[in-house]
Amino acid sequence: MNSLPQTICLVEDDEAVRDSMCALLESHGVTVDAYPRPSALLTAGPHPCDCLILDYHMPEMDGLQLLSEIRKQGLGAPAILMTGRGDPQLVSRALQAGVHAMLNKPVDETVLLQSIRDAIRCQAKVAQRAI
């Protein structure tokens with residue numbers, strides 16, 4: 001599977017970053033449900049998506065706290081975490097939380113698209129094993 005998913009949920013508090021990521025993903029035929037803050041996603045109700053892209057440093061809660069809340073709501077889509085200020089401890093915490101990839105900002109377009117493809121591919125393999 002070399003294609004991108006149908007729908008991505010993006011939570012990014014920086015408007016310029018959010019807009020540019022939406023434009024990039026939409027140019028590849030992906031529908032993007034973009035949210036400016038964690039609470040906007042959490043209160044949006046059921047939001048089926050194929051992949052989550054979450055900023056780490058946000059007001060209200062960080063990206064890992066948001067992922068935990070999303071999982072409590074039953075959304076099992078693979079997650080990619082972005083940060084402008086990463087460190088080895090954060091990477092370790094992210095991997096323990098089940099994050100598929102951790103990307104440093106500014107995010108390279110090719111790396112982002114490949115990370116999304118890889119996350120979807122891994123999720124599909126896990127789903128096949130469960131059958």
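Numbers for residues simply follow the sequence, beginning at 1. Predicted, not measured: the structure shown is a model, and the values here were computed from it.
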Is there a path from [X] to [Y] through hydrophobic residues (I, L, V, M, F, W, Y) whose side chains come within less than 4.5 Å of each other?
X	Y	answer
V99	L54	yes
V11	V32	no
Y35	L66	yes
I80	V111	yes
M82	L95	no

Within a reach of under 6.0 Å around CD of Q6, are more than 12 heavy atoms found that belong to other residues, nucleotides or ligands?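 Not more than 12 within 6.0 Å, no.
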
Under the 3.5 angstrom rule, does the side chain of D50 hit a backbone N or O of T7 as a donor-acceptor pair?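 Between the backbone of T7 and the side chain of D50 there is a qualifying donor-acceptor contact (under 3.5 Å).
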
Using atom types as modelled, flag every donor-acceptor pair under 3.5 Å from a side chain in residues 16-26 to any protein atom, sequence neighbours excluded.
from: R18; atom 1: NH1; to: E12; atom 2: O; distance (Å): 2.6
from: S20; atom 1: OG; to: A16; atom 2: O; distance (Å): 3.3
from: S20; atom 1: OG; to: V17; atom 2: O; distance (Å): 3.0

Roughly how far, to the nearest 0.5 Å, is [atom2] of [Y] from [atom1] of [X]?
X	Y	atom1	atom2	answer
I8	I120	CD1	CD1	7.0 Å
L81	L103	CG	CG	8.5 Å
M61	Y56	CE	OH	12.5 Å

Heavy-atom pair of closest approach, residues [X] and [Y]:
X	Y	result
S115	H100	O-CD2, 3.7 Å
L75	R71	O-NH1, 2.7 Å
H57	D13	O-OD1, 3.5 Å
C51	A119	SG-CB, 4.5 Å
A97	L64	CB-CD2, 4.0 Å

Run I116 and I53 through side-chain contact (heavy atoms from CB on, under 4.5 Å) and show every step you take. CA-CA 9 Å; I116 294 168; I53 301 177; 3.8 Å; yes

Should E109 and H28 be marked as a side-chain contact (heavy atoms from CB on, under 4.5 Å) after you check the CA-CA gap, both sets of side-chain angles, and the distance that decides it? CA-CA 11 Å; E109 173 182 334; H28 287 272; 3.8 Å; yes

Anything under 3.5 Å between a donor and an acceptor, one on a side chain of residues 36-43, the other on a protein residue two or more places apart or in another chain? List them.
from: R37; atom 1: NE; to: S39; atom 2: OG; distance (Å): 3.4
from: S39; atom 1: OG; to: E60; atom 2: OE1; distance (Å): 3.1
from: S39; atom 1: OG; to: E60; atom 2: OE2; distance (Å): 2.9
from: T43; atom 1: OG1; to: S39; atom 2: O; distance (Å): 2.8

Looking at side-chain heavy atoms only, is the closest gap between L52 and I70 below 4.5 Å?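 Answer yes - side chains close enough.
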
As a quick check of understanding, evaluate side-chain contact (heavy atoms from CB on, under 4.5 Å) for C9 and D33, giving each step before the final call. CA-CA 5 Å; C9 287; D33 293 334; 4.3 Å; yes

